[in-house]
Amino acid sequence: MQSLTNRSKQVSNKEMTLLERAYLPAILNGMMITLSHFFRKKATIKYPEVKRSFAPVYRGMHVLKRDENGAERCTACGLCAVACPAEAITMVSAERKTGEEKLFREEKYASVYEINMLRCIFCGDCEDACPKEAIFLTDRIVPSDTLRERFVYGKDLLVEPMEESKRVDISKRQTKEVLEFKKNKELQHNRLK
Ligand code: SF4
Ligand code: SF4
């Protein structure tokens with residue numbers, strides 16, 4: 001019967017030779033292929049003992065930065081949430097009280113700031129949209145977990161520690177090209193009209 005694709009092949013019914021019936025050449029051929037792989041450079045690594053280095057522009061877990069005095073930079077303007085294509089960011093704003101100047105840089109701050117890491121596609125639009133240099137993506141991996149609710153990261157996980165020595169280094173991702181990109185308003189794909 002004519003096949004639809006015309007790719008069918010006639011199966012040979014010829015008798016197998018003695019060697020073919022012993023399967024020895026086929027087995028030896030298979031072993032040679034396996035052996036040849038022993039001497040090739042391995043494509044895999046022994047993770048987690050060995051780790052691959054990431055690209056300088058790798059976008060991983062976010063950080064909410066503090067300023068040089070340790071005050072939270074975020075002013076809960078909501079631009080990051082508006083720019084987020086995955087609608088992963090939610091926040092609640094609050095008014096800074098007298099005496100809280102050292103905690104929050106602006107008069108308005110985010111009392112709640114959450115990112116749903118399961119929704120996030122790590123595009124970096126929130127970072128580009130932020131007028132206060134408050135949110136950055138880092139080279140840190142979001143750890144795996146078994147419960148969905150644990151992927152909603154709040155300020156406890158996002159705001160960097162107050163101690164100078166424990167601050168999150170974002171300089172690795174802020175390459176010359178990234179800084180040039182940020183300066184050029186024409187290249188900002190998420191600017192609000
Ligand atoms: S990286 Fe992109 S998807 Fe993730 S929170 Fe920021 S804007 Fe949203
Ligand atoms: S992180 Fe930046 S853009 Fe987002 S609310 Fe805070 S100040 Fe605004």
Side-chain angles (χ1 to χ4, degrees), residues 53-164 166-193:
S53 54
F54 291 172
V57 289
Y58 172 83
R59 294 189 289 249
M61 184 179 149
H62 315 60
V63 62
L64 285 173
K65 292 295 287 175
R66 294 177 182 277
D67 69 7
E68 52 291 351
N69 301 317
E72 288 178 22
R73 285 175 166 267
C74 177
T75 185
C77 65
L79 281 175
C80 51
V82 173
C84 177
E87 300 192 349
I89 302 177
T90 50
M91 72 192 72
V92 175
S93 64
E95 206 175 315
R96 187 182 70 186
K97 295 190 183 68
T98 315
E100 290 183 334
E101 292 78 6
K102 284 194 177 153
L103 295 175
F104 312 110
R105 199 168 68 154
E106 314 283 340
E107 287 169 9
K108 192 163 72 109
Y109 69 96
S111 58
V112 177
Y113 191 106
E114 288 178 346
I115 301 179
N116 186 331
M117 294 296 173
L118 292 180
R119 297 188 71 116
C120 177
I121 54 168
F122 301 93
C123 61
D125 282 3
C126 48
E127 179 181 319
D128 291 342
C130 183
K132 299 289 178 185
E133 307 241 295
I135 189 164
F136 289 90
L137 276 72
T138 67
D139 58 352
R140 300 174 301 166
I141 293 177
V142 174
S144 56
D145 210 321
T146 49
L147 281 176
R148 294 181 74 85
E149 50 265 38
R150 289 204 206 122
F151 284 99
V152 179
Y153 281 23
K155 282 182 73 177
D156 54 331
L157 294 171
L158 295 171
V159 179
E160 67 178 343
M162 182 82 87
E163 297 96 309
E164 199 73 51
K166 292 185 186 164
R167 296 276 176 88
V168 179
D169 180 19
I170 52 156
S171 60
K172 271 184 258 171
R173 283 200 59 251
Q174 301 303 300
T175 57
K176 193 158 67 69
E177 291 77 14
V178 171
L179 293 173
E180 283 301 314
F181 174 85
K182 283 187 169 180
K183 259 191 249 164
N184 190 341
K185 298 271 182 245
E186 287 305 306
L187 292 175
Q188 289 177 2
H189 48 284
N190 60 333
R191 66 184 187 278
L192 300 169
K193 298 210 168 101

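Worth saying up front: this structure is predicted, and the values here are computed from it rather than measured. Both ligands and their constituent atoms are indexed starting at 1 by order of listing.
Per-residue contacts place Cys77 under 4.0 angstrom from the following atoms of ligand 2 (heavy atoms of the residue considered): 3 (S), 5 (S), 7 (S), 8 (Fe). Residue Thr75 approaches ligand 2 through these ligand atoms, each under 4.0 Å from one of its heavy atoms: 6 (Fe), 7 (S). Close contacts between ligand 1 and Ile89 involve ligand atoms 5 (S) [criterion: under 4.0 Å to a heavy atom]. Short contacts between ligand 2 and Met91, defined as distances under 4.0 Å to a heavy atom of the residue, involve ligand atoms 5 (S). Residue Pro131 approaches ligand 2 through these ligand atoms, each under 4.0 Å from one of its heavy atoms: 3 (S). Which parts of ligand 2 touch Cys80 is read off a 4.0 Å heavy-atom cut-off, strictly below it: atoms 1 (S), 3 (S), 4 (Fe), 5 (S). Those atoms of ligand 1 that come under 4.0 Å of a heavy atom in Phe122, given as number and element, are 1 (S), 4 (Fe). For ligand 2, the atoms closer than 4.0 angstrom to any heavy atom of Ile135 are 1 (S). Counting the atoms of ligand 1 from 1 in the order shown, those under 4.0 Å from a heavy atom of His62 are 1 (S), 4 (Fe), 5 (S), 6 (Fe).
In this structure, the protein non-hydrogen atom closest to atom 4 (Fe) of ligand 1 is Cys120 SG, 2.3 Å. Protein heavy atom in closest approach to atom 8 (Fe) of ligand 1: Cys84 SG, 2.3 Å. In terms of protein heavy-atom proximity, atom 2 (Fe) of ligand 1 is closest to Cys123 SG, 2.3 Å. Here the heavy atom of the protein found nearest to atom 7 (S) of ligand 1 is Cys126 N, 3.2 Å. For atom 6 (Fe) of ligand 2, the closest non-hydrogen atom on the protein side is Cys74 SG, 2.3 Å. Ranking the protein heavy atoms by distance from atom 3 (S) of ligand 1 puts Ile121 N, 3.3 Å first.
Distances from ligand 2 to the non-hydrogen atoms of Ala110 include no value under 4.0 Å. Within the 4.0 Å heavy-atom cutoff, Ala83 does not count among the residues contacting ligand 1. Residue-ligand proximity: Ala76 is placed with a non-hydrogen atom under 4.0 Å from ligand 2.
In terms of heavy-atom proximity, Val142 sits nearest to Tyr153 at CG1-OH, 3.4 Å. Across all non-hydrogen atoms, the minimal contact from Arg59 to Leu137 is CB-CD2, 3.5 Å. Scanning both residues, Pro85 and Ile121, for their nearest heavy atoms gives CG-CD1, 4.0 Å. Here the closest heavy-atom approach between residue Leu103 and residue Met162 is recorded as CD2-CE, 4.3 Å. What you find for Arg119 and Ala86 is that their closest heavy atoms are NE-O, 2.9 Å.
Among the atoms of Cys130, an N, O or S atom falls under 2.8 Å from atom 2 (Fe) of ligand 2.
In this structure the side chain of Cys120 reaches within 4.5 angstrom of the side chain of His62, judged on heavy atoms.
Under the side-chain contact (heavy atoms from CB on, under 4.5 Å) rule, Val63 has a single partner from Asp169, Val168, Leu158, which is Val168. A salt bridge (Lys or Arg N to Asp or Glu O under 4.0 Å) with Glu72 is found for one member of Lys65, Arg105, Lys155 and no other, namely Lys155. When each of Arg73, Lys132, Arg96 is paired with Glu106, the salt bridge (Lys or Arg N to Asp or Glu O under 4.0 Å) condition holds for Lys132 and for no other. Considering Thr90, Val92, Ile135, Val159 as possible partners of Tyr113, the one that fulfils the side-chain contact (heavy atoms from CB on, under 4.5 Å) test is Ile135.
For Arg66 (side chain) and Glu160 (main-chain N/O), a donor-acceptor pair under 3.5 Å exists by modelled atom type.
Within the 4.0 Å heavy-atom criterion, neither part of Arg119 lies near ligand 1.
Ring orientation note: the planes of Phe104 and Tyr109 are close to parallel, at an angle under 30° on the 30°/60° scale.
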